[in-house]
Structure formats: structure tokens, C-alpha cells
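Here is the structure we will look at, set down as C-alpha cells.
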There are 2 protein chains.
Amino acid sequence: MATLKQVAAHAEVSVQTVSNALNAPHRLRPDTLERVNRSIELLNYRPNRNARSLRTSAVELIGYCVPDWPNQTHLVMDQFLHALCAAAETSGRHILLFTAPPAVEGMPVYDDLHARRLVDGFVLSQTETHDPRHGWLKEKQIPFVSFGRVWKETTQPGPWVDVDGAAGSALAVQHLYDVGRRRIAFLSWPKSSGLAEDRLAGWRSKCNDLGLPTSGLSVHCGEDTIEEGVRATAALLDSAQPPDGIVALSDILALGALRELGRRGLTPGVDVGVTGFDDSPLAEVVSPGLTSLRQPMDRIASELINILTGTSTGVPAERLLQPELVIRGSSAPG
Amino acid sequence: MATLKQVAAHAEVSVQTVSNALNAPHRLRPDTLERVNRSIELLNYRPNRNARSLRTSAVELIGYCVPDWPNQTHLVMDQFLHALCAAAETSGRHILLFTAPPAVEGMPVYDDLHARRLVDGFVLSQTETHDPRHGWLKEKQIPFVSFGRVWKETTQPGPWVDVDGAAGSALAVQHLYDVGRRRIAFLSWPKSSGLAEDRLAGWRSKCNDLGLPTSGLSVHCGEDTIEEGVRATAALLDSAQPPDGIVALSDILALGALRELGRRGLTPGVDVGVTGFDDSPLAEVVSPGLTSLRQPMDRIASELINILTGTSTGVPAERLLQPELVIRGSSAPG
DNA sequence: TGCGGGTGTTTTAACGTTCAAAAGCCCTGG
DNA sequence: CCAGGGCTTTTGAACGTTAAAACACCCGCA
């Protein structure tokens with residue numbers, strides 16, 4: 001494996017000149033640069049990242065803790081990881097995966113990775129209400145950026161990127177309204193997670209704006225399973241005034257809604273319009289296709305990386321991105 | 001951030017002694033070790049991995065290319081990644097993610113990561129028939145291990161770990177047989193991928209062993225969607241002698257089977273037994289639960305890491321692991 | 001008393017890179 | 001002909017660690 005020294009010898013220049021050819025080519029006379037580049041090419045030289053990192057104390061690696069929530073399906077995690085990787089690579093960086101206990105118990109792992117210089121900083125996801133990790137990292141001055149707001153806080157200890165769930169619900173409601181729905185229900189989650197509250201609020205507010213009823217139209221599901229979606233949908237359909245549209249908090253719940261509709265001989269998109277959230281791979285794979293709110297993964301990822309690697313000013317960076325409604329057969333015929 | 005030198009000064013020993021305290025503690029006199037450890041603790045010292053890697057030329061990082069197959073759902077990828085991370089961490093290693101073009105076009109990326117010493121080696125997945133990556137890496141002497149055999153080759157250029165798909169199908173057939181099924185169909189994929197052939201062969205051979213019919217009972221689906229599963233199942237049920245059991249090549253196809261059964265008023269697990277493959281999160285989330293073949297992810301991951309990091313002998317390591325049948329309501333009542 | 005051998009610790013020299021500063025070169029203008 | 005300044009290139013040192021060799025010390029034994 002060739003080193004700078006060998007390239008330098010071959011090109012008959014000093015080591016530093018070769019280094020400059022790579023890092024600051026404008027400093028070299030064109031003919032020197034040409035000569036050095038030829039030697040680099042010829043010897044198939046690749047800079048040793050460890051040596052570079054040692055000198056500059058920047059590893060260009062970003063830590064991401066791969067979540068392990070046994071009860072929750074991560075249907076879009078591979079999309080997220082792919083986008084994150086791609087975004088990191090546009091600036092010559094990479095993603096380092098690791099595991100850690102949830103919440104604050106995992107923090108020593110983060111600290112260790114940073115202290116041993118395996119990573120420059122972290123991307124956090126699976127943010128929870130009052131997530132203690134943010135404050136912890138900030139206090140230790142470990143760079144990070146969060147995918148997901150720490151909800152209900154007036155000030156947030158650190159930069160974040162998030163998707164506007166309220167706006168997403170509103171989009172879904174508006175779409176269902178546009179195709180003629182007038183009683184639009186909402187399938188929600190159990191515990192009042194920040195995520196659920198955000199999306200629920202968007203539904204309620206948009207319904208109000210449009211003069212649509214909301215009373216008796218929001219149902220809380222016990223967990224994020226198809227079965228729960230089925231149950232909740234059945235309850236809605238059995239009520240005195242059944243809905244003609246259903247906005248579900250997740251694709252899984254929406255799938256439950258689709259199934260219950262099917263069981264009753266109702267046609268999704270014709271008799272009742274259904275939308276999901278996150279545009280997971282499932283949405284495309286079911287029939288009829290599930291109308292769902294796509295998170296702008298590429299944008300999310302690049303904002304995360306930009307914030308983390310950019311020379312951030314003192315004020316914390318905060319980006320609220322808009323989801324996109326992907327319309328399929330479950331909400332509109334054809 | 002404390003360095004070896006500072007710890008050495010604090011403990012009043014040489015730098016090397018501190019290094020030994022960490023890497024070869026048996027060389028130190030107990031009292032010295034104690035003293036050094038106290039200083040390490042006190043100064044909160046963490047070894048700088050870059051300096052170490054530079055010196056030892058081992059980064060303890062394993063590359064994994066995050067796949068980007070837009071048409072395929074990676075329902076178990078997060079499980080795999082989690083297991084891989086955890087396995088790597090048991091030997092102090094970590095996973096570095098990257099993106100690369102598929103097949104041989106991506107090889108320069110692998111080469112570059114290795115040459116620049118960002119990783120020690122690679123874990124390959126999404127192996128395809130006659131995958132060219134294996135030979136390429138072997139020729140360049142870049143360490144790797146493959147999750148998935150290169151099918152149809154008599155000899156394989158490198159170590160691999162795989163799950164015995166044929167045995168999996170056989171397990172499913174045996175199970176359906178045990179609960180009284182006598183006409184067991186198989187839902188397969190389109191192109192004769194090695195994976196599909198393997199699983200199909202297991203079904204056929206097990207049916208033969210049990211004296212069950214196979215003729216007219218294997219259907220090829222156009223793609224891995226619920227819709228295709230529905231179509232194929234419908235075709236089977238419409239035939240002169242419909243099956244009473246269905247082994248599907250994937251959970252997605254199995255979901256299609258479940259749906260078509262439901263549409264016809266047939267009860268999965270009672271009228272027709274259905275099994276899937278991979279035990280994706282979906283299997284648990286549908287109702288009735290989908291009987292499916294779980295890949296032993298933890299075992300797969302630890303074998304991959306062991307092979308990659310172990311002092312492998314000359315003979316390539318090859319591990320064929322057995323899947324486990326997770327029985328749920330789709331194949332047996334209750 | 002001297003000497004071999006083990007044990008514990010220190011010294012020396014890298015690993016491959018970049019930073020800061022110094023040095024060399026070449027041109028221009030007085 | 002030389003001072004001065006702008007390019008270009010080189011020199012020296014450092015980043016934090018570990019491998020290998022050297023060293024110091026103690027013990028038992030001749």
C-alpha cells in the first residue's frame with residue numbers, strides 16, 4: 001500500500017507537496033500538480049484515513065444507534081438509513097452503527113464512542129417526549145442532531161429536523177375532503193406520544209377549518225398492529241354515524257382499516273377513503289394501494305448531515321419539513 | 001481529553017506502561033497496575049482509536065453496503081443490522097455503512113474504503129446468482145464474508161453464512177402435514193433466483209417424501225407483492241383440486257394468500273393452512289398471525305463476524321444455518 | 001563475587017498524515 | 001544590481017499509540 005512518502009519519492013517532490021496536491025491543489029504549480037497526480041495514479045495511492053484523523057482529530061464518521069424496539073415495526077428504517085448514508089457520503093463522511101440501551105442508560109456508550117474518537121457526532125432518532133439524551137449530549141458538548149423534536153419543550157437543547165405531522169394530517173384531511181368525504185375519522189395511538197398528538201392536532205384543526213365534525217371520530221388504538229386497526233375501524237363503522245374517510249396514524253393501522261372494510265364488503269377508495277402515514281413499503285404492495293404521507297427522507301437526511309457537519313452558528317438549527325401525500329387507490333377510485 | 005502521556009505523568013510511569021496496563025495487564029506488577037488504573041479512572045482516559053489504528057493498521061470497522069432495491073421490501077433489514085451490530089460489538093468492532101452501485105460497478109467503492117483504511121473488511125448481503133463481487137474481492141485480497149451462498153457454483157470464492165431455505169420449506173410442509181394438510185401448494189417467485197430454487201426444491205422434495213402431490217401446485221408470482229399473492233392463490237383455489245395448505249416464498253406473498261382466503265370466506269388455519277418466510281414484523285401484526293420461518297438473525301450475525309474476524313484457516317468457512325418455524329394462527333387453529 | 005535468568009519498566013522508533021514556519025525561487029521596480 | 005514581495009516548495013515537528021529492544025533489578029546458584 002503506497003504512502004505519501006513513496007508518492008513523493010516517485011514524483012521527486014517533498015511529502016508535503018503531495019499532501020497539498022490532494023488537499024490544496026491550487027497551491028501547486030500546474031506542472032508539479034500534473035506530475036504528482038501522475039505518480040498518485042501510477043502508484044494507486046489512497047490516503048490513510050487513520051493517519052489523517054489522528055492529525056486533524058476529525059474522523060468524518062457519524063454515529064447512529066440502531067434502534068431495537070421489539071414491539072414496533074420499523075418499516076421505513078432502511079429508507080432512512082440509505083438516505084442518511086447517501087447524505088453523509090456527499091461530504092465524504094460515513095455512518096457508524098452501534099447499539100445502546102434506550103434513553104439515558106445508553107449515554108455512556110455515546111460518550112465512549114466520542115471520547116475514543118470513533119465518531120465526530122451523532123444522529124439521534126426515535127426521539128421521545130422529554131428525551132433525556134439531548135440534554136446529556138449538550139452538556140458533554142458532544143455534537144448531535146436529532147430527527148424528531150423533543151416535544152412540549154419551549155426550548156430544545158440542540159438542533160433538530162422533523163416532519164410536520166400536523167400538516168401531514170391536514171393534507172390527508174384536505175385530500176379526503178376534495179374527493180367528497182365529509183365525516184373523516186382519525187385512528188390514533190394509545191399513549192399520548194408527541195408524534196400522535198401532533199398528527200391528531202392536525203386532523204382536528206383541519207376538520208374544524210373545513211367545518212367537518214370531529215366529535216366521536218377519533219379512536220385510540222392499543223398498539224400499532226393491524227388487529228387494532230381492524231378493531232378501531234369496526235367500532236367506527238358500527239357507530240350511529242359512521243365515517244366516510246379514515247386518516248390513520250400509521251400504515252399498519254390503515255391496513256387494519258382496509259381489512260375491516262374488505263370484510264364488510266366495503267370498497268376502500270369508493271365507499272370509504274383511507275390514508276396512512278409514512279408511506280412504508282407496504283403501502284405500495286397492498287391492493288388497493290394505500291394513500292400515505294411520505295416523509296421526505298432524502299431531504300431529512302441531508303438536513304441532518306448539513307446541520308451536524310456545518311459550521312453552525314450559535315442559534316440552534318431547526319428544520320420542520322413537509323410530508324408529501326402519495327395518493328393511491330385506498331382514498332380515491334381509479 | 002487525556003492522553004497516554006498525561007496518564008503516565010500522573011501515575012509516574014512511562015507511557016508504555018500505561019499502554020501495557022490496558023493491553024497486557026499481566027505484565028505489570030499488581031501495585032503498579034493498581035496505580036495506573038487509578039490514574040486512568042481519575043483522568044477519565046479513553047484511548048484514541050485513530051492513533052491505535054494507525055499504529056496497528058487495524059480499524060476494527062466492518063463495512064456493510066446498505067442495499068437500495070426500490071422494488072423490494074426489506075422487512076427484516078433492521079433486525080439484521082441490529083444483530084450484526086451487536087455481534088460486532090462483542091469483539092469491540094463496529095459496522096460502517098456505505099452505499100454503492102449494485103454488482104461489480106460498486107466494487108471500486110469497496111476497494112476504496114479498504115485502501116483508505118476505513119474498514120478492515122466487508123459483510124456482503126443481497127447475494128445474487130453468480131455474484132461477481134466475491135471473486136473481485138478475493139482477487140484483491142480484501143477480507144469479506146457473504147450472507148448468502150453464490151448459488152449453483154461448485155466452489156465458492158470465499159466464506160459464507162446462509163440459511164437453509166430447502167430445510168425451511170420442508171419444515172413448513174411437515175408442519176402443515178402434521179396438522180392434517182394433504183395438498184400443499186407453493187407460491188414462488190418469478191425469475192429463478194437461487195433463493196427461490198432452494199426453497200422450491202425443499203417443498204418438492206419434502207412433498208415427495210411424504211407422498212404428497214406437487215403437480216400443478218407450484219405457482220410463480222410476477223413480483224413480491226400482496227396483489228400477486230392474491231392472484232396466485234386465487235388461481236390455486238379455482239383449480240379442479242384446490243390445495244388445503246400453502247407454503248409461500250415470502251411473508252408478502254403469504255399475506256396475499258391470507259387476503260384471498262378471507263375474501264372467499266375461508267378461514268386461514270382452519271380451511272387452508274398458510275406459511276410465509278422470514279418472519280418479518282408483519283407476520284406478528286396481522287390477524288391471524290402468520291406462521292413463518294424465522295431466520296436465526298443473531299446466529300447469522302455472530303457467525304458472519306466470527307468468520308470475518310477469526311483467524312480463518314486456509315479452507316473457506318461455510319455455515320448453513322437452520323431456520324425456525326414460528327407457528328401462528330394462519331396454519332393451525334387456536 | 002560473579003553470573004545467568006526472569007520480571008517489570010523504560011527507551012527508541014516508528015505508523016502516515018498535516019500544520020506552521022521557514023526557505024527558495026522568480027519577477028518587478030527602483 | 002539588489003530589495004521586496006508573491007508564489008511554490010521544503011523542513012521540522014507533532015498527532016497518540018504500540019512493537020521491539022534495551023535496561024534495571026532481584027533472585028538463586030556456583
Side-chain angles (χ1 to χ4, degrees), chain A residues 1-40 43-61 92-93 112-120, chain B residues 1-40 43-61 92-93 112-120:
Chain A
M1 192 95 328
T3 70
L4 269 192
K5 202 192 262 187
Q6 293 167 32
V7 175
H10 185 268
E12 297 180 303
V13 291
S14 73
V15 176
Q16 182 62 40
T17 299
V18 183
S19 176
N20 285 336
L22 293 164
N23 301 319
H26 61 275
R27 288 201 196 150
L28 300 206
R29 225 175 13 194
D31 61 320
T32 316
L33 181 57
E34 171 62 19
R35 187 154 42 98
V36 172
N37 279 337
R38 249 201 308 272
S39 297
I40 288 175
L43 299 180
N44 192 25
Y45 167 77
R46 321 285 178 85
N48 181 315
R49 180 67 83 78
N50 294 309
R52 176 177 220 279
S53 294
L54 174 59
R55 190 60 244 254
T56 64
S57 65
V59 284
E60 321 221 291
L61 249 41
R93 274 160 249 257
D112 207 52
L113 287 169
H114 182 254
R116 290 157 65 195
R117 312 269 52 216
L118 269 86
V119 302
D120 293 327
Chain B
M1 191 96 330
T3 70
L4 269 193
K5 201 191 261 187
Q6 293 166 33
V7 175
H10 186 269
E12 297 180 304
V13 291
S14 73
V15 176
Q16 183 63 38
T17 299
V18 183
S19 175
N20 285 337
L22 292 164
N23 302 317
H26 61 275
R27 287 198 197 151
L28 300 205
R29 228 177 4 186
D31 62 319
T32 317
L33 181 57
E34 172 63 18
R35 188 156 40 98
V36 172
N37 279 338
R38 250 202 308 272
S39 297
I40 287 176
L43 300 181
N44 192 24
Y45 167 76
R46 320 285 179 83
N48 180 315
R49 180 64 84 73
N50 295 308
R52 177 178 218 279
S53 294
L54 174 60
R55 188 61 241 251
T56 64
S57 64
V59 285
E60 320 221 291
L61 250 40
R93 276 161 249 257
D112 206 52
L113 287 169
H114 182 254
R116 290 158 63 195
R117 312 271 50 219
L118 268 85
V119 302
D120 293 327

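Naming: A, B, ... by sequence-line order, numbering from 1 per chain.
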So, do A/Asn20 and A/Leu28 sit near enough that their side-chain heavy atoms are less than 4.5 Å apart? yes

Just how far, in rounded Å, is P of D/dT9 from CG of A/Leu33? 9 Å

Residue A/Arg35 excluded, over 12 heavy atoms near CZ under 6.0 Å: yes

Would you kindly give the CE-to-P distance between B/Met1 and D/dT17, to the nearest whole Å? 11 Å

Whole angstrom is fine here: how far is it from CZ in B/Arg117 over to P in C/dT17? 12 Å

Any side-chain N or O of B/Arg52 below 4.0 angstrom from OP1/OP2 of D/dT18? yes

Measure CZ/B/Arg27 against P/C/dT9 and give the value in whole Å, please. 12 Å

Nearest to the B/Thr17 side chain among D/dT9, D/dT18, C/dT10, which nucleotide is it? C/dT10

Could I get a table of every N or O pair under 3.5 Å where one atom is in the protein and the other is in nucleotides 12-15 of chain D?
{"residue": "D/dA14", "atom": "N3", "partner": "A/Arg55", "partner atom": "NH1", "Å": "3.3"}

Just checking B/Ser57: base, sugar-phosphate only, or nothing, at a heavy-atom cut-off of under 4.0 Å? nothing

Write down the distance between CG (B/Leu4) and P (C/dT12), rounded to a whole number of angstrom. 18 Å

I need the CZ-C1' distance between A/Arg29 and D/dT10, as an integer number of Å. 13 Å

Looking at C/dG16, I'd like to know if its phosphate oxygens (OP1 or OP2) sit under 4.0 Å from a side-chain N or O belonging to A/Asn50. no

Measure across A/His114 and A/Val119 and return the closest heavy-atom pair with its distance rounded to 0.1 Å. CD2-O, 3.8 Å

Between CG of B/Asn23 and C1' of C/dT9 the distance, given in whole Å, is 16 Å

Given 3.5 Å as the limit, does a donor-acceptor pair link the side chain of B/Arg117 with the main chain of B/Val59, or not? no

Rounded interatomic separation in angstrom, taking CD from A/Glu60 and P from C/dT17: 15 Å

So, the side chain of B/Asn50 versus the backbone of A/Asn50: is there a donor-acceptor pair under 3.5 Å, distance only? no

Step by step, work out the side-chain contact (heavy atoms from CB on, under 4.5 Å) result for A/Glu34 and A/Arg38. CA-CA 6 Å; A/Glu34 171 62 19; A/Arg38 249 201 308 272; 3.0 Å; yes

For a quick test of reading the model, state the closest non-hydrogen atom pair linking B/Ser39 to B/Ala11 and the distance between them. OG-CB, 3.3 Å

